[in-house]
Number of protein chains: 2
Amino acid sequence: VSPSQRSATAEAAPPAISIRDIGSFHVGGRRVTITGLPARDLYYSDTVATPVPLAVSGDYYVEQMYVQYIALARARARYPLWMIHGGRGTGVSWETTPDSRPGFQMLFLRHGHDVYISDAVERGRASWASPLIWTSEPFFPAAEGTWDIGRIGPPGSYRSEAEARRPYAGSQFPVAAFDAFMKQRVPRWTTNGAATQAAYDLCLQRIGPCVLIAHSTGGPFAIRMALHHPGLVKGLVLIEPAGAPNPASEPARSLRNIPHLYVWGDNRSDEPSMKNTIPLAKTWCAALQDAGTTVDWLDLPAIGITGNSHFIPMDLNNEKVADLIQDWMVRNDMVSGS
Amino acid sequence: VSPSQRSATAEAAPPAISIRDIGSFHVGGRRVTITGLPARDLYYSDTVATPVPLAVSGDYYVEQMYVQYIALARARARYPLWMIHGGRGTGVSWETTPDSRPGFQMLFLRHGHDVYISDAVERGRASWASPLIWTSEPFFPAAEGTWDIGRIGPPGSYRSEAEARRPYAGSQFPVAAFDAFMKQRVPRWTTNGAATQAAYDLCLQRIGPCVLIAHSTGGPFAIRMALHHPGLVKGLVLIEPAGAPNPASEPARSLRNIPHLYVWGDNRSDEPSMKNTIPLAKTWCAALQDAGTTVDWLDLPAIGITGNSHFIPMDLNNEKVADLIQDWMVRNDMVSGS
C-alpha cells in the first residue's frame, strides 16, 4: 500500500479538502563573494565521462530560509497558520509522523487553516554553507541523545536494537517508528542564531498577519518574531518552547494583544533541560499576564492526557492535541467555530 | 501580497483542486554506529543558559531520501507522477519558479496527477552526514557556474550586479529572479551515486507503478530505476538528462514497454557538457527504438519554442511545456484525455 493511499484504505476516509494554491519560496539570506581560490575538476555524476572545471571563487547565497504554503479555497481561519520546527528538525516535523499518520499540516488544513511550513536557515531545503563560508562545524543528532531529550524513555534507555529499547510505559510516541523518526533529523549549527532570527523576521513580513505554532527551539525564534513585529502575530502556540525571554530585559507588554498557548507533555522531571525551561517559561508567562496578555498553560498530564513525548506533534494522540489547540484558537477568535 | 494570494489576485484564478491527502516519508538509508569519541558541550540556542552534554558516539541514520506526496481526490492519471530533481537542486525545483509562478507540481496536479516530489540522498530534507560520516567534501554551487550550465546567458556573461548580466536575448528563464533561484541551490557531493541509486530504487518499490519525470542529473538515476524495475516505471520523461547508459553494457530491450520523452531547451551549442550529453542520449535512444520502444524527442527550438534554459520546469513558458508533456502522456495512455 502506497502512503498516498492511507486515507483511501482507512475505514472512514475523511472528506477531500479544496485547495486554491500550493507553492514555496525562499526568503532572506545574503550574497557572499569568494575570490582567489582555484577551480576544481568535477564529475557531475558517475555516468558522465569527462570532468567539468568548477569555479570555487564566485558568488554564493547563504542564510536564506525556505517556506512551503498550502492555501485553501475557503479558509475558516482568519489568518494563515505558520508552523516553526524545533532544533534538529525541518518542516517535515509537521508534515507527517514517523509512522505515516497525518501531521499537523494535514490536521490543521482540515481545521480550515492556510498552512505555511518553513525550514529555518541551515536546515533542509534552506541550504547551508560549511565549511566554505561558515567556519564552525555542524553537530549531528545521534539517536541516543534524541531519545533522551525527546523523552521517549527514561534517560539511557535507548539501545541500537529496537527490541532492547525501554520506552516509557504508555508512551504516546510511535516508538516502533523511532528509526524512521531519526531519518528526519538533520545536522545543525548553534552559531546561526542571529541569521536565523533575521530570516524569520523577514519571512513574517512577507507572510503578513498570521498565527505561529512553534516547537522546542523554534519557540524562542517565534517569541522574538512577535517582539520584533507584534502587529503581525495574531496568536502564539508554543509547544515545549526551549527558552523564554527574560522579562527584566524584554518588554512583555508589547505582546499584550497576542494570545499565548503553552503546551507541555509528560515525564518532564526526568529530562535535565526541563529543570531550567519550565521556570523560565513560567516567569515570562507571569510577566505576560501582568501586562494583560491572555496566556493558557496546557499541561497535558495535568488534565489526564498522559504519555506525551517532547515531539507532541508526532505523538499517537496528535489529532487530539490538535483538536485542543483548535478549540483554543476558536475561543480566541482566530478561526470561525462553524 | 502574500505568495499564497497569487491565484486570488490573478485576473482569472484557476479552479480549486480537490485533495485527498498530503504527507511525506523518508525511505532507505542505513544506521552507522560511531564509538570512542568524547561528548561535546552544547548550547541548543542562544537563549538557553546552560550547556547540555552532546554525545558524539552513538547511532546515526544516513543516506535515506525524502519524499512528499499530494494525492488528488479523483486523479485522471492512471499512475502517480514522481518528479526527480537535478544536480544542485531539491524537490523545490518542481514546487515553484524563482519568480513565484506555479511549478510543475501545481501544473500537473491541475492536469490530474497525484504528485510525488523527492529530495535525493544528501539534499534538502533527506539530510546529510559530512564530515562526521562522509569523508569527502561537498561542493557548493556558485552563481557563475550555475548561470553558465543553466544557459541563462552565454558562458561568462554572469556578473554580481544584476544590471550588468547579459542573458540570452529572448531567454525564457526568469532572469530578474536569478538571485532568488540561487537561494534554492544546495551543496552536493559527487561520491554518493551508489547510495543515491539504492534509495531511489527502494523508493520506487514503495511508491509502486508510476511515471517518472526527471531533470538533468536526475535523468540517469531515473533511467537506472527503470532498468532495475522495468515493471514499475510506466513512462519516462527526461528533461535534458545529464547522461545516458551505454547500450553496449545496458540492455535497452528491458525498457521496451516504457514510453520515453526527451525534452531539450535552446542555446545548447554554447554549453560544453552538451557536446557529450546529446550524442550519448541519441545513441541510447537509437538502441531503445531498435528494441521497439516508443521514444519521442522534443527539441523545443526545432518546433519554434525558443529561449528555454536548462531549467525548463522554471522557465517563463513552463506551463506550455507542461501542456506538451501532458499531451504526450495522454497519447501514450498514461492519463485520461477527458
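Each chain gets a letter, A, B and so on, in the order the sequences are listed, and its residues count up from 1.
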Student: As an exercise: rank A:Gly91, A:Ala180, A:Gly89 by heavy-atom pairs under 4.5 Å with chain B and give me the winner.
Tutor: A:Gly91
Student: Would you mind reporting whether A:Met65 and A:Asp119 have side-chain heavy atoms less than 4.5 Å apart?
Tutor: no
Student: Centre of B:Phe178's six-membered ring, under 6.0 Å away, within 45 degrees of the axis: is that where NZ or CZ of B:Arg165 sits?
Tutor: no
Student: Where on B:Arg74 is there a heavy atom nearer than 4.5 Å to chain A: the side chain, the backbone, both, or neither?
Tutor: neither
Student: Just how far is it from atom CD of B:Glu122 to atom CH2 of B:Trp128, taken to the nearest 0.5 Å?
Tutor: 11.0 Å
Student: Give, as side chain, backbone, both or neither, the part of B:Trp94 having an atom under 4.5 angstrom from any heavy atom of chain A.
Tutor: neither
Student: Where on A:Gln184 is there a heavy atom nearer than 4.5 Å to chain B: the side chain, the backbone, both, or neither?
Tutor: both
Student: Between A:Thr196, A:Val186, A:Val27, A:Asn192, which shows the greatest number of heavy-atom pairs under 4.5 Å with chain B?
Tutor: A:Val186
Student: Side chain, backbone, both or neither: which part of A:Asn276 has a heavy atom under 4.5 Å from chain B?
Tutor: side chain
Student: NE2/A:His113 to CD1/A:Ile70 distance, rounded to the nearest 0.5 angstrom?
Tutor: 14.0 Å
Student: Between A:Ala55, A:Ala126, A:Pro15, A:Gly28, which has the largest tally of heavy atom pairs under 4.5 Å with chain B?
Tutor: A:Gly28
Student: Which region of A:Arg40, side chain (C-beta onward) or backbone (N, CA, C, O), has a non-hydrogen atom less than 4.5 Å from a non-hydrogen atom of chain B, or is it both or neither?
Tutor: side chain
Student: Is there side-chain contact between B:Leu232 and B:Ile207, with at least one heavy-atom pair below 4.5 Å?
Tutor: no
Student: For each of A:Gln64, A:Lys183, A:His26, A:Arg185, tally heavy-atom pairs with chain B at distances under 4.5 Å, and name the one with the top tally.
Tutor: A:Lys183
Student: Most heavy-atom pairs under 4.5 angstrom with chain B, which of A:Gly124, A:Pro245, A:Pro272?
Tutor: A:Gly124
Student: Please look at B:Asp179 and chain A and tell me whether the side chain, the backbone, both or neither of the residue comes under 4.5 angstrom of a heavy atom of that chain.
Tutor: both
Student: Which word best sums up how the rings of B:Phe140 and A:Tyr60 line up, parallel for under 30°, tilted for 30 to 60°, or perpendicular for over 60°?
Tutor: perpendicular
Student: For each of A:Ser127, A:Ser57, A:Ala143, tally heavy-atom pairs with chain B at distances under 4.5 Å, and name the one with the top tally.
Tutor: A:Ser127
Student: Looking at side-chain heavy atoms only, is the closest gap between B:Trp134 and B:Thr191 below 4.5 Å?
Tutor: no
Student: Would you call B:Leu72 and B:Ile19 a side-chain contact if the rule is heavy atoms closer than 4.5 Å?
Tutor: yes
Student: Which answer fits B:Pro131, side chain, backbone, both or neither, if we ask what part of it has an atom under 4.5 Å from a heavy atom of chain A?
Tutor: both
Student: Angle between ring planes, B:Tyr116 versus B:Phe25, binned at 30° and 60°: parallel, tilted or perpendicular?
Tutor: perpendicular
Student: Heavy-atom distances under 4.5 Å only: say whether A:Leu109 touches chain B with side chain, backbone, both or neither.
Tutor: side chain
Student: At a 4.5 Å cut-off on heavy atoms, which part of B:Ser160 comes close to chain A: side chain, backbone, both, or neither?
Tutor: both
Student: Which bit of B:Ser130 is near chain A, if near means a heavy-atom gap under 4.5 Å: side chain, backbone, both or neither?
Tutor: backbone
Student: Would you check if A:Phe139 and B:Leu132 make a side-chain contact, meaning some heavy-atom pair closer than 4.5 Å?
Tutor: no
Student: If the condition is side chain to side chain donor-acceptor pair (under 3.5 Å), which residues does B:Ser273 pass it with, not counting sequence neighbours?
Tutor: B:Glu271
Student: Can you say whether A:Ser216 sits under 4.5 Å from chain B via the side chain, the backbone, both, or neither, judging by heavy atoms?
Tutor: neither
Student: Side chain, backbone, both or neither: which part of A:Glu63 has a heavy atom under 4.5 Å from chain B?
Tutor: neither
Student: Below 4.5 Å from any heavy atom of chain A, which atoms of B:Arg31 appear? Answer side chain, backbone, both or neither.
Tutor: side chain
Student: Side chain to side chain contact (heavy atoms under 4.5 Å, CB included) for B:Tyr66 and A:Thr90? Distances and angles first, verdict last.
Tutor: CA-CA 11 Å; B:Tyr66 163 79; A:Thr90 69; over 6 Å; no
Student: Who wins among B:Pro138, B:Gly29, B:Pro98 for the most heavy-atom pairs under 4.5 Å with chain A?
Tutor: B:Pro138
